[in-house]
Amino acid sequence: MTDVIIYTDGACKGNPGPGGWGALLRAGQAEKELWGGEARTTNNRMELTAVIEALAALKRPCRVHLYLDSEYVRKGITEWLPGWKARGWRTADRQPVKNADLWQRLDELVHGRGHDIHWHWVRGHSGDPGNERADALANRGVPST
């Protein structure tokens, strides 16, 4: 398996508002930058989209160390997802899961592609070089208003 390091981040100017996502992928000496955005979205949707786009860019199963500053995404995929699925995409208090479309896509990429993913939370805006680059890419993706 190829070892890949991924940093992801999302940004939103207003919540909701124009938002962007960014991802930095590294495999050996190779690097790839990805970014994009939407005119009206939320920060959580952009955080999810960054991870989805990064994992979707992998062409074969990889050993991934994924660094993100979103506890929402990290906890969602590592803790909350099994319960949501068991309850038919409902929360513990029987409300529809927010961003279920993105969570379902992420679930497929994480559990259906053969990747070995290790999730790492990093504090945002604390000087971590990979996180700072992902943040800059996310801001590049924000559509101008």
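Along the sequence shown, residues carry numbers from 1. If you're wondering where the values come from, they're calculated on a predicted model, not measured in any experiment.
- Interatomic distance, Thr78 OG1 to Trp119 CH2, rounded to the nearest 0.5 Å: 8.0 Å.
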| request: Using the side chain to side chain contact (heavy atoms under 4.5 Å, CB included) rule, take Asp107 and Lys85 through it: C-alpha gap first, then chi angles, then the decisive distance, then the call. | output: CA-CA 10 Å; Asp107 181 35; Lys85 289 171 66 173; 2.9 Å; yes
Sequence neighbours left out, cut at 3.5 Å: what donor-acceptor pairs do the side chains of residues 4-24 make with other protein atoms?
{"residue": "Lys13", "atom": "NZ", "partner": "Asn139", "partner atom": "OD1", "Å": "2.6"}
{"residue": "Asn15", "atom": "OD1", "partner": "Asn43", "partner atom": "N", "Å": "2.9"}

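- Using a 4.5 Å heavy-atom threshold, the side chains of Leu106 and Leu81 count as separate.
- Cluster membership for Leu48 and Val122, using ILVMFWY side-chain heavy atoms within less than 4.5 angstrom, is not shared.
- Two residues are said to be in side-chain contact when any heavy atoms from C-beta on lie closer than 4.5 Å; Asp135 and Asp69 fail this criterion.
- By the side-chain hydrogen bond (donor to acceptor under 3.5 Å, both in side chains) test, Arg90 pairs with no residue at all, sequence neighbours left out.
- Side-chain atoms of Leu102 and Thr49, non-hydrogen and from C-beta on, do get closer than 4.5 Å to each other.
- Put simply, the side chain of Val110 does not reach to within 4.5 Å of the side chain of Val51, judged on heavy atoms.
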TODO: List the steps, then state whether side chain to side chain contact (heavy atoms under 4.5 Å, CB included) holds for Asp101 with Arg45.
DONE: CA-CA 10 Å; Asp101 58 327; Arg45 287 189 70 81; 3.0 Å; yes
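- Placement of Leu68 and Trp35 in two distinct hydrophobic clusters is found when ILVMFWY residues are connected by side-chain heavy-atom separations under 4.5 Å, directly or transitively.
- Between the side chain of Thr41 and the main chain of Glu38, no donor-acceptor pair closer than 3.5 Å is present.
- Here Arg87 pairs with nothing under the salt bridge (Lys or Arg N to Asp or Glu O under 4.0 Å) rule; sequence neighbours left out.
- Val64 and Trp121 are members of different hydrophobic clusters when ILVMFWY side chains are connected at heavy-atom separations under 4.5 Å.
- When the side chains of ILVMFWY residues are joined at heavy-atom separations under 4.5 Å, either directly or via intervening members, Ile117 and Trp103 end up in a single hydrophobic cluster.
- Partners of Glu132 under the salt bridge (Lys or Arg N to Asp or Glu O under 4.0 Å) rule, at least two apart in sequence or in another chain, do not exist in this structure.
- Remark: Arg40 engages no residue in a salt bridge (Lys or Arg N to Asp or Glu O under 4.0 Å) (not counting sequence neighbours).
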Practice problem: Show your working on side chain to side chain contact (heavy atoms under 4.5 Å, CB included) between Leu58 and His115 and close with a plain yes or no. | Solution: CA-CA 9 Å; Leu58 301 176; His115 300 304; 3.7 Å; yes
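- Residues passing the side-chain hydrogen bond (donor to acceptor under 3.5 Å, both in side chains) test with Glu71 are Arg74, sequence neighbours excluded.
- Residues Thr91 and Trp80 form no side-chain contact, since every pair of their non-hydrogen atoms from C-beta on lies 4.5 Å or further apart.
- Annotation: side chain of Asp116 is in contact with side chain of Met1 (closest heavy-atom distance under 4.5 Å).
- Ring geometry for His120 against Tyr67 counts as parallel: the plane angle stays under 30°, on a 0 to 90° scale with 60° as the upper cut.
- Cluster membership for Leu137 and Met46, using ILVMFWY side-chain heavy atoms within less than 4.5 angstrom, is not shared.
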